[in-house]
Amino acid sequence: MNDTQKEPVNFIQKIIDDDNASGKWDNRVHTRFPPEPNGYLHIGHAKSICLNFGIAEKNGGKCNLRFDDTNPVKEEDEYVQSIIKDVKWLGFDWEDRLFYASDYFDQMYEFAIQLVQDGKAYVCDLSGDEIRNTRGNLTEPGKESPHINRSIEENLDLFVRMKNGEFANGEKVLRAKIDMSHPNLNMRDPVIYRILHASHHRTGDKWCIYPMYDWAHGLEDSIEKITHSICTLEFEDHRPLYDWYLEQLGVYHPQQIEFARLNLNFTIMSKRKLKQLVDENHVDGWDDPRMPSISGLRRRGYTPESIRNFAEDLGVTKRDSIIDVIRLENALREDLNKRAPRVMGVLDPLKVVITNYPEGKTEMLEAINNPEDNSAGKRDIPFSQELYIEQSDFMEDPPKKFFRLGPGREVRLRYAYFITCQEVIKDENGNIVELQCTYDPKTRGGSAPDGRKVKGTLHWVSSPHAVDAEIRLYDRLFLNENPDEDGEFLKNLNPDSCKTFSNSKCEPSLANPENLTYQFERNGYFIKDEKESINGKLVFNRAVSLRDSWKKFLKQVGK
RNA sequence: UGGGGCGUAGUAUAAUGGCAGUACACCUGGUUUUGGUCCAGGCAGUUGGGGUUCGAAUCCCUGCGCCCCAGCCA
């Protein structure tokens, strides 16, 4: 790279550069990824994970993994475990810094006591409805709570009794005393603690009051000595409150910085809606290969590297944007093109008999494992008289630009021979069931000594040596670019998002596939589905197709 | 309508007072034992109006458009 082409520096890195120049944080960079364990991680979280861990890494800093588990009614250990697994799988290391907001509940409670003692918080008896009704709205100020002037002693007493479980859910809350006419709604005496008689997945029944996000998050950051607290745009309005709390408490005060979350077209990113897809069985769980969840992408055949490259390529800004999901797919293709071993698999087999090939003979032919990587070596694949090719590689009455097989046409079988179609065998219904072809023995390996060329090269599998498999091809889960545009994302589900070929044939090397994504030549990238490959059945998922200019051509000419 | 943000090719993203660049998408062509990869070329942009300046995407004024906020969710 020449020095006129610098790597673009995003606005967060610029802030860090400035801070380091001024010595603001003693040149420390300490970030955190703070998921709430109320669902599985998705590709949107991946952007945040890559940003937080990435920026720490680039600046010689640290990044914590911290569970923001302040709402026991929504959170579960299952989600904690899945999140740990996913972040690790993406390739990030929080070393010994795995934290939970719930570890700080005692400290948070003490800080709340301090705020009450300073006369900056009060216990309010208003119901949820009453609080809402007295908050005012976008244009009108709110009204003060009738309990705003309780004495410090009374507030202390009531708050302690809240903690001790003397009151029912919703009966009382602790609120900050700020300004009910503040133009920022978040500053109108926000709730700090609410009563929730609910069992927490980590603290059990120790607590019946739980801190609200705004109270908890700044304290978590403060306790962990975070420098740059990176979050998404919708929290911009919360920053004044984040700052207010830490300011009033006089504690270590990180800087909150907001960036635009990732949106992908043809995809939904709301955890609530993804959970709905799972709960209502529209998909086969959080790890359904069509889900944008990390676990879904993993099962689909995505690599951690491709996701990280994608996230890196995205950049970081404050602009709302919708990324074309094609970019995610391209990131995978780019990664896998360099690394994936090539194999041959026929999705939808059509029998081919080589009439002039010795019956019962098997010969081994040499194939290159990865033309992009010489170190991947070579392998031998068996060839025999009876083969399978792809149904879509034969046309009885092919158009001129169809470079594949047709009556009387000659094509190359990859790494094998040139064959010519002599006869088309049909069943009583007129379906093509077999092709009788002849081969040219002089073209062994795939090139003709007389220099003659063929346009098409087909993948194939020797019938007696074939490994049976089921192959699943995935399409987008939704029909619309913006699936939730009309608020009815379920109606926009793509009924053809999974196409199954149950009679596929693979080359013998695939009998016991490794846990990696292969390229099935001319078909795309595939990975064994560990969940579905049971009872001797072998199931492959297609992660992404190869670019297909033939398909594109068909589309152009209108089918 | 109060407050907080954001406006650069189709989609994203650089340029922070000095040649509007890059990626993806799209279109041509070349190479090729994957209609893959790779290579070469092309199309295409600063939200409107005013101002400051030798010079404005960038600074100022003023419109317009889009997003977020009225959970005891995060």
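This structure is a prediction, so every number in the text was calculated from the model and none was measured. Lettering follows sequence order; numbering is per chain, from 1.
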Would you state whether a donor and an acceptor, one from the side chain of [X] and one from the base of [N], lie under 3.5 Å apart?
X	N	answer
E258(A)	G4(B)	no
R342(A)	U34(B)	yes
R404(A)	G35(B)	yes
D548(A)	G35(B)	no

Self-check item: For RNA chain B, the residues among residues 71-80 of chain A that have a non-hydrogen atom under 4.0 Å from it
Solution: N71(A), K74(A)
With a non-hydrogen cut-off below 4.0 angstrom, is [X] in contact with a base, only sugar-phosphate, or nothing?
X	value
M212(A)	sugar-phosphate
T457(A)	sugar-phosphate
T139(A)	base
P190(A)	nothing
I368(A)	nothing
F235(A)	base
T317(A)	sugar-phosphate
L126(A)	base
L458(A)	nothing
Q519(A)	base
I323(A)	sugar-phosphate

Quiz item: Does R150(A) make a cation-pi contact with Y122(A) (under 6.0 Å, within 45 degrees of the axis)?
Solution: no
Exercise. Flag this pair as yes if the NZ/CZ of R66(A) is under 6.0 angstrom from the six-membered ring centre of Y100(A) and inside a 45 degree cone about the axis; otherwise no.
Key: no
Practice problem: Answer syn or anti for G29(B), where the cut-off is 90° from 0 on the glycosidic torsion. | Solution: anti
What is the base-pairing partner of [N], counting Watson-Crick and G-U wobble geometry with both distances under 3.5 Å?
N	value
G7(B)	C64(B)
G2(B)	C69(B)
G17(B)	none
U28(B)	A40(B)

Rounded to whole angstrom, note down the [atom1] distance from [N] over to [M].
N	M	atom1	answer
G3(B)	U52(B)	C1'	31 Å
C6(B)	U13(B)	C1'	15 Å
C43(B)	G29(B)	C1'	15 Å
A9(B)	U1(B)	P	26 Å
A14(B)	A20(B)	C1'	10 Å

Quiz prompt | Aromatic plane relationship, F99(A) with Y104(A) - under 30° parallel, 30 to 60° tilted, over 60° perpendicular | solution = tilted
Quiz item: Is E372(A) salt-bridged to K338(A), cutoff N-O under 4.0 Å?
Solution: no
Quiz prompt | Salt-bridge criterion met for R175(A) and D189(A) (N-O under 4.0 Å) | solution = no
Quiz item: Which heavy-atom pair separates F418(A) from T443(A) by the least distance, and what is that distance?
Solution: N-OG1, 2.9 Å
Exercise. For V316(A) and for L546(A), find the nucleotide of RNA chain B with the closest heavy atom, then tell me which residue's nucleotide is more 5'.
Key: V316(A)
Exercise. State whether a side-chain donor-acceptor pair under 3.5 Å links N330(A) with R333(A).
Key: yes
Quiz item: Quick check: does any side chain N or O of D313(A) sit under 3.5 Å from a backbone N or O of N309(A), one acting as donor and the other as acceptor?
Solution: no
Quiz item: Does the side-chain ring of Y213(A) lie flat on the base of A74(B), meaning centres under 5.5 Å and planes less than 30 degrees apart?
Solution: no
Self-check item: Whether F553(A) stacks on the six-membered ring of G35(B) base, 5.5 Å and 30° limits
Solution: no
Quiz item: Does the ring center of F105(A) lie less than 6.0 Å from the ring center of H200(A)?
Solution: yes
Exercise. Give a yes/no on whether any side-chain N or O of S321(A) is located under 4.0 angstrom from OP1 or OP2 of U11(B).
Key: no
